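Written below as structure tokens is the structure these notes are about.
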Amino acid sequence: MEEHNSESKPGVPEITADELPLGVRVAAAWSWRLIIIGLAFAGFLWLIVQVRIIVIPLLIAILLTALLNPVVHWFERRGAPRWLGVIIALAVFIASVWILVTLIVTQLRSGFSDLAQRSEEVWWEFLHWIEGSSFGFSADQLDGFVAQIMKTVEGHQGEIWSGALGVATTAGQVITGSLLTLFSLIFMLIDGKRIWYWVLGFLPAKAHAPVDAAGISGWISVGQYVRVQIFVAFVDAVGIGVGAALLGVPLPIPIGILVFLGSFIPFLGAISTGLLAAFIALIYNGPVNALVMLGVVILVNQIEGHVLQPLVMGSAVKVHPLGVVLAVSTGALVAGIPGALFAVPLAAAANSIVNVLVSKEWTPGTDPVADYHRSAKIHQKAKHRARIVSRLQRKGANS
């Protein structure tokens with residue numbers, strides 16, 4: 001009975017895998033593999049989110065290392081010790097950040113109170129204009145609407161205090177992340193090559209050469225991105241800041257600095273911070289001046305999107321402008337501002353890594369990890385012999 005049930009029914013042909021169309025078999029094979037890859041990638045993203053307080057400072061340190069490493073190499077090429085180049089590079093970077101922060105704080109401190117007062121005056125002028133217009137609602141209705149918003153806010157004070165505690169927690173995380181970034185940056189500048197070959201040593205020996213070649217290519221792309229992005233951000237800041245100054249918009253210096261900092265998020269950062277200039281122009285100089293300021297912001301953004309990003313950035317990181325837009329949008333969707341900030345350098349590094357691996361741009365049969373350790377041992381022995389010779393010379397001079 002059991003044998004009879006296990007046999008196929010008469011008149012019903014048994015379908016085997018070979019009888020399925022080739023397209024169905026290929027689609028099925030690709031489907032389950034892509035599902036596994038998607039699950040693994042989702043798990044990897046989940047792990048990154050859980051340890052984001054470590055991952056984000058580390059990525060920032062990598063970008064800063066790519067920016068400051070040429071300065072250290074410049075001093076090394078001129079015979080200076082590496083530690084001196086690291087100290088000077090860090091001093092220049094910290095001084096630059098301090099100057100930017102000082103300019104923003106001092107300028108905003110002197111103009112923020114006046115900005116708040118002027119905003120209140122413009123609001124009352126707007127209410128009086130509403131009363132004299134024919135829109136069908138009065139200033140009292142607008143006041144009632146604002147009062148309802150304030151009542152809603154008062155009714156959710158518990159959630160607001162919870163959010164305030166969350167901000168305090170985030171502030172503590174920012175301080176911790178800043179210290180971790182500085183700590184990682186110092187060691188990457190001092191001993192970045194040894195750290196790289198230490199990480200590479202965990203891989204099989206056959207993978208050392210291709211991964212080393214791919215990693216070096218990706219690192220070069222990241223360095224080019226950082227340097228070009230500084231140039232793009234500088235152009236955006238000068239364009240919007242000078243436009244604000246020529247139109248008589250107050251606080252042009254902090255506006256330019258904020259645009260410079262915001263421009264490190266491609267396409268979205270410059271226009272987002274530029275809207276602040278249009279708002280200040282609206283408050284102080286009226287709607288016509290604000291529209292002209294908005295036109296300046298859009299013009300600068302168009303120059304960035306159609307000239308700087310395709311020609312300068314595209315040639316430097318070799319990523320198509322459409323790829324840059326999609327990378328920034330995807331990064332912002334997945335991880336917010338940090339995702340938008342790191343999307344383009346990650347895409348540029350991934351593009352270079354894939355190109356190197358596909359074209360096999362490495363010397364077969366070599367082991368860069370073994371070569372590095374061999375060279376390090378020779379250098380260490382040479383330094384040890386030099387110290388012995390120096391010690392003997394000092395003893396001979398003393399005797």
Side-chain angles (χ1 to χ4, degrees), residues 60 63-64 67-68 92-119 121-122 224-314 316-317 321 324-325 328 332 337-338 340-341 343-345:
I60 295 176
L63 293 180
L64 294 178
L67 173 65
L68 300 179
V92 171
F93 171 72
I94 294 175
S96 302
V97 173
W98 179 262
I99 291 173
L100 291 178
V101 173
T102 302
L103 286 174
I104 292 177
V105 171
T106 54
Q107 293 286 325
L108 289 181
R109 183 184 299 169
S110 59
F112 183 77
S113 59
D114 184 57
L115 178 62
Q117 181 181 0
R118 182 58 186 162
S119 299
E121 294 175 357
V122 170
Q224 292 174 340
Y225 162 79
V226 174
R227 290 186 288 273
V228 171
Q229 188 57 47
I230 289 179
F231 171 73
V232 173
F234 178 76
V235 172
D236 290 341
V238 170
I240 295 178
V242 171
L246 293 177
L247 291 174
V249 179
L251 306 175
I253 294 178
I255 288 174
I257 296 175
L258 291 175
V259 170
F260 175 79
L261 297 176
S263 296
F264 284 93
I265 301 176
F267 295 105
L268 303 177
I271 193 168
S272 299
T273 52
L275 291 177
L276 175 63
F279 172 75
I280 295 176
L282 176 64
I283 294 299
Y284 283 94
N285 301 341
V288 176
N289 191 272
L291 288 176
V292 176
M293 187 68 242
L294 182 61
V296 172
V297 173
I298 295 175
L299 176 62
V300 172
N301 186 260
Q302 291 299 312
I303 293 175
E304 176 193 350
H306 294 87
V307 178
L308 297 179
Q309 290 289 347
L311 299 181
V312 181
M313 181 66 73
V317 301
V324 174
V325 174
V328 172
I337 294 178
L341 177 63
V344 178

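Hydrogens, waters and symmetry mates play no part in the numbers below; they use all other heavy atoms, side chains included. Only a predicted model underlies this, so the values are computations on that prediction, with no experimental measurement involved.
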field: Summary of side chain to side chain donor-acceptor pair (under 3.5 Å) pairs that have at least one residue in residues 244-259, sequence neighbours excluded
entry: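 Applying side chain to side chain donor-acceptor pair (under 3.5 Å) to every pair that reaches into residues 244-259, excluding sequence neighbours, yields nothing.
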For residues 231-246, the side chain to side chain donor-acceptor pair (under 3.5 Å) pairs (sequence neighbours left out) are Asp236-Ser263
For [X], which residues count as a side chain to side chain contact (heavy atoms under 4.5 Å, CB included) partner, sequence neighbours excluded?
| X | answer |
| --- | --- |
| Val92 | Ile88, Ser96 |
| Val97 | Phe93, Val101 |
| Ile298 | Leu294, Gln302 |
| Ala281 | Val249, Asn289, Ala290, Met293 |

Shortest non-hydrogen contact between [X] and [Y], atoms and distance:
| X | Y | value |
| --- | --- | --- |
| Val226 | Leu63 | CG2-O, 3.8 Å |
| Pro252 | Gly241 | CB-O, 3.9 Å |
| Tyr225 | Leu341 | OH-O, 3.9 Å |

task: Report the C-alpha distance between Leu247 and Asn285 in whole Å, list the side-chain angles of each, state the deciding distance to 0.1 Å, and finish with yes or no for side-chain contact (heavy atoms from CB on, under 4.5 Å).
output: CA-CA 9 Å; Leu247 291 174; Asn285 301 341; 5.5 Å; no
### Message
Can you tell me which residue among Val300, Val235, Leu299, Asn301 is in a side chain to side chain contact (heavy atoms under 4.5 Å, CB included) with Ile240?
### Response
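That would be Val300; it is the only one of Val300, Val235, Leu299, Asn301 passing the side chain to side chain contact (heavy atoms under 4.5 Å, CB included) with Ile240.
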Value for CG (Leu103) from CD1 (Ile257), rounded to nearest 0.5 Å, stands at 4.5 Å
**Item:** Separation between CG of Leu276 and CG of Leu251, rounded to the nearest 0.5 Å
**Value:**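 Answer for the CG-CG pair, Leu276 versus Leu251, is 8.5 Å.
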Please report the C-alpha distance between Val232 and Gln229 in whole Å, then the side-chain angles of each, then the deciding distance to 0.1 Å, and finally whether the side-chain contact (heavy atoms from CB on, under 4.5 Å) criterion is met. CA-CA 5 Å; Val232 173; Gln229 188 57 47; 4.2 Å; yes
| query | Do Arg227 and Ile230 have side-chain heavy atoms sitting under 4.5 Å apart? | reply |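 No - every pair of side-chain heavy atoms lies 4.5 Å or more apart.
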